[in-house]
Amino acid sequence: MEKRGSAPEIFLKPFNPSEAESHISTLWENSGYANPDVCIEKGVTKPDAEPYSIVLPPPNVTGTLHMGHAAMLAIEDILIRYARMNGQKTLWVPGTDSAAIATQSKVETDIYKKEKKTRQDLGRDELLKRINAFTEESKSTIVNQIKRMGSSLDWSRYAYTLDEARYKAVMEAFVRMYDAGLIYRGDRIVNWDPKLQTTVSDDEIEYVEQKDPFYHFKYGPFDIGTVRPETKFGDKYVVMHPNDTRYKEYKHGQKLQLEWINGPIEATVIKDEAADMAFGSGVMTITPAHSGIDFEIASRHKLDIAPVIDERGILLSIAGEFAGTHIKKARPLIVEKLRTKGLIAKIDEGYVHNVATNSRGGGIIEPQIKRQWFVAVDKEVKFPDGTVTSLKKRMREVVESGETKILPAHFEKIYYHWIDNLRDWCISRQIWFGHRIPAWFKGYEIKVQIESPGTTWEQDPDTLDTWFSSGLWTFSTLGWPEQTEDLKTYHPTAVLETGYDILFFWVARMILMSSFLMGEVPFKNVYLHGLVRDGQGRKMSKSLGNIIDPLTMIEKYGADATRISLVIGAAPGTDLKLSEDKVRGYKHFANKLWNIARFVLENSSEIYGHAMSINPEDKKLLAEVDVLTKQVSDNINKFRLDLAADMTYHFVWDRFASEIIEQSKPILSGTDKAAADSRRHTLYSILDTSLRLLHPFMPFVTEAIWQQLSEKDSDLLMVAHWPNK
RNA sequence: GCACCCUUAGCUCAGACAGGUUAGAGCGUUCGAUUCACAUUCGAAAGGUCGGAAGUUCGAAUCUUCCAGGGUGCACCA
């Protein structure tokens, strides 16, 4: 009688993801194969193999896993597992981010709710102690959730944006950039958030549409418009376009006496092209201390700049009788006074305009002139390769030359557009949680030049923009500024995979930092994935109640189904619509694969070490698998993971299960023993290849089946070799 | 205002950069099968003037131009 295998005891039906996942996770963790050093030590990777590295975009240390993270983890783990199976020296570095502003404001809010204390009441040390306790406590949540996805990260290299090693990198980066003249301190107009009491960078501003009354005031012979009467106290310049024929009688520099809010003033006419002839009357007064564009006009003509509003939104002495009043309360009073003085021409109700807000959960931005630290993006300095250029130019060059490729390609245009509009980057923040400005520290203050000779450098209490340290992430995680083996081996990284929404915040800043500090790009490829939306294409949000929680999906349908749902149908850079039905569908697929394996193993003979004579018909089937392998590999190489996964899915289900196996049934039970043996061998071989091809996408179920194979070339599928076709 | 993307079956999307049989898939719908590795299954059917118009071409879902609708980024907002 023919020797028949039988499905092992553990091969129960249906496939039980949660049981398999905990078992398989343990196998992987114990193997240590996520660490490339272990792979080399155990002989599964050659010491001279080509390196392949990805640095995980660090999730917020106090956050929980959402579908965006899940998509990121799925995509990166696919690339990593594929590289590892291809024999590359593969490293995926995990980390978490402090998310300075968001974290501090959350902890402050909590403390205020419970204890009615502000951060000033607690003091800097106590607040930081509380924040650190909070981050430490919540850290394990996110880390465990990342592990649940099957992410083969090397946890021995875990990094946190505020740990000791990253602190050294940040200090070193700051000092080097300062010494090169790329970091300077200056009094500039910045985005001030009166609610969080800190500056924020241009990129963190979110414009929100708002309806307000638009006031037309009589300013001498002119009609000037504003939505913000409370800024008008200091206005002693009236600006118009030089080509505006309506005002040709007025000459640049001409003085006019006129009646204004708090009495008679002398106004000076300024001709400047920044005035838009088509807007309102074409005439405006300016408030240089509280408006970016006004500040520029004032700088061009060397005009006086007088602050009107303080950091808390309270009017200064220039406001006369209104001094000491908050702008919110003052506005109607000022309008009323202008009205009684007969200075209101008209009021347009319902004027729609954009208001700048702090996207990090802050308030409405009030531009202020403040002494802050900046990174000069247009200044030409010497780069490590000897060329003299600016950060802006270099950031453009490395993408234009293809040293770093952005996928999908149309984001390159968006990236250039952003660079063209980029202004000096304000990097100091007035919050306490974060890396402090090195000027404060002993040991560094020596290197930092004294701004004005003869004065001592005061201690700067500010911290650095979180994106300053994030910009160093690809190399600070690999040991920089030390010249470590990791740094030499794994930098530049192979690919940076992240959502397109942080292209500017982060991707561009990493290119900036790495270009100057490392003299090389931080990554060879940028792969931008889309946002995960609900089944109808809406953003997932609490208020809509349409949030699909990845952990719930993992518990209900398994991590494999969750992963592949986030990959299939997700072309690079396009938003992905995800529904629970879709995840359920791929759970069915995991079960299908499981049952294919049951069938094959119950009927199969081994494929290794047996000289078999294979029928021509079966050879054709094997050739078909070779074609599939080639196409899947090509698509992964092109970052078309969606197509790679989709074609494998269809091959396994429609071709392998529905056709090949069905056609095999009569052959296996037939009288032609040689044909049956040939087919058994073929089925086993197709299963074997299918498992390898699917492993990056569905690591748990494929590994669980792999563990049931009697003959295999590797104890774990995780480090089995990728089929070579 | 400037820029980028999208518009293909009821729904969600491939296909477009490299033009070439009868434009595909999943879900849904309808009909049927099933002592089978799998009812988390199998087979079949219905369903599309590829947003509109013009152009290039032997040939256009695909390339070009214009238009319409939707989305996004950036700037402005006195």
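By convention in this document, chain letters (A, B, ...) are assigned in the order of the sequence lines, proteins followed by strands, and residues within each chain are numbered from 1.
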Any N/O pairs under 3.5 Å between the protein and nucleotides 41-48 of chain B? List them or say none.
residue, atom, partner, partner atom, Å
rU41(B), O3', Lys592(A), NZ, 3.1
rC42(B), OP1, Lys592(A), NZ, 3.3
rC42(B), OP1, Trp653(A), NE1, 2.3

Just the rounded figure in Å: distance from C1' of rU12(B) to OH of Tyr586(A). 11 Å
Write down the distance separating the P atoms in rC27(B) and rC6(B), rounded off to the nearest Å. 27 Å
Restricting to non-hydrogen atoms, name the atom on Arg509(A) and the atom on Ser201(A) that form the minimum distance, rounded to 0.1 Å. NH2-OG, 4.3 Å
Set of residues satisfying side-chain contact (heavy atoms from CB on, under 4.5 Å) with respect to Thr268(A), sequence neighbours excluded: Tyr237(A), Lys255(A), Ile270(A)
Between rA37(B) atom P and Asn595(A) atom CG, what is the distance in whole Å? 10 Å
May I ask you to say what Thr285(A) touches in the nucleic acid, namely base, sugar-phosphate or nothing, with a heavy-atom cut-off under 4.0 Å? sugar-phosphate
Euclidean distance for C1', rA9(B) against rG24(B) (whole angstrom): 11 Å
Set out, line by line, the N/O atom pairs under 3.5 Å between protein and nucleotides 14-17 of chain B.
residue, atom, partner, partner atom, Å
rG15(B), OP1, Arg640(A), NH1, 3.2
rG15(B), OP1, Arg640(A), NH2, 3.3

Whole-angstrom distance between rA3(B) and rA16(B), as gauged at atom P: 27 Å
Determine the Euclidean distance between corresponding C1' atoms of rA14(B) and rA61(B); express it in Å to zero decimal places. 12 Å
Does Lys582(A) reach a base, just sugar-phosphate, or nothing at all? Heavy atoms under 4.0 Å. nothing
May I ask you to say what Val227(A) touches in the nucleic acid, namely base, sugar-phosphate or nothing, with a heavy-atom cut-off under 4.0 Å? sugar-phosphate
Can you list the residues that meet the side-chain contact (heavy atoms from CB on, under 4.5 Å) rule with Ile344(A), with sequence neighbours excluded? Phe217(A), Val335(A), Leu338(A), Arg339(A), Ile347(A)
Tell me: CG of Leu576(A) to C1' of rG26(B), nearest whole Å? 13 Å
Please name all residues satisfying salt bridge (Lys or Arg N to Asp or Glu O under 4.0 Å) with Lys232(A), sequence neighbours left out, ordered by chain then number. Asp235(A)
Any pair with a residue in residues 560-588 of chain A that passes ring-ring contact (aromatic ring centres under 6.0 Å, His included), sequence neighbours left out, goes on the list, sorted by first then second residue, please. Tyr586(A)-Tyr649(A)
According to side-chain hydrogen bond (donor to acceptor under 3.5 Å, both in side chains), does anything in residues 409-419 of chain A pair up with another residue at least two apart or in another chain? List the pairs. Asp203(A)-Trp418(A)
Residue set satisfying side-chain hydrogen bond (donor to acceptor under 3.5 Å, both in side chains) with Asp348(A), at least two apart, ordered chain then number -> His216(A)
Separation of Arg188(A) CZ from Ser299(A) OG (nearest 0.5 Å): 8.5 Å
Roughly how far apart are Lys392(A) NZ and Ile419(A) CD1, rounded to 0.5 Å? 9.0 Å
rG47(B) and rG1(B): how far apart are their C1' atoms, nearest whole angstrom? 44 Å
Distance check needed: rA37(B) P versus Glu602(A) CD, whole Å only. 7 Å
Please find the pair of heavy atoms, one from Val308(A) and one from Ile318(A), that lie closest to each other, and give the distance. CA-CG2, 3.8 Å
Tell me the interatomic distance from Arg228(A), atom CZ, to rC77(B), atom P, rounded to whole angstroms. 13 Å
Please write out the pairs of protein N or O atoms and N or O atoms of nucleotides 70-76 of chain B separated by less than 3.5 Å, giving the distance to one decimal.
residue, atom, partner, partner atom, Å
rC74(B), O2', Asn421(A), ND2, 3.2
rC76(B), N4, Asn354(A), ND2, 2.6

Nearest-0.5 Å distance that lies between atom CZ in Arg640(A) and atom CG in Asn635(A): 7.0 Å
From CG (Leu531(A)) to CE (Met67(A)), nearest 0.5 Å: 14.0 Å
Where the side chain of Asp646(A) meets the backbone of Asp642(A), is there a donor-acceptor pair that is under 3.5 Å apart? no
Taking atom C1' of rG26(B) as reference, at what distance in whole Å does atom CG of Leu578(A) sit? 14 Å
5' precedence on RNA chain B between Lys413(A) and Lys665(A) (nearest-nucleotide basis): Lys413(A)
Base-pair map of RNA chain B as dot-bracket, where | denotes pairing with a different strand and pairs are Watson-Crick or G-U under 3.5 Å: ((((((((.[[[[.)....(...]]]].(((((.......))))).....[[[[[..)....]]]]])))))))....
Sticking with atom P, work out how far rA46(B) lies from rG26(B), rounded to a whole angstrom. 15 Å
Expressed in whole Å, how much space separates the P atoms belonging to rC74(B) and rG59(B)? 45 Å
Listed by chain and number, what are the side-chain contact (heavy atoms from CB on, under 4.5 Å) partners of Ala330(A), not counting sequence neighbours? Leu315(A), Thr325(A), Ile334(A)
Between Asp581(A) and Lys232(A), who's closer to the 5' end of RNA chain B by nearest nucleotide? Asp581(A)
If you look only at pairs with a residue in residues 279-306 of chain A, which of them pass as a salt bridge (charged side-chain N to carboxylate O under 4.0 Å, His left out), with sequence neighbours excluded? Lys236(A)-Asp304(A), Asp272(A)-Arg300(A), Glu296(A)-Arg423(A)
Looking only at atom P, what distance separates rC50(B) and rU22(B), rounded to whole Å? 15 Å
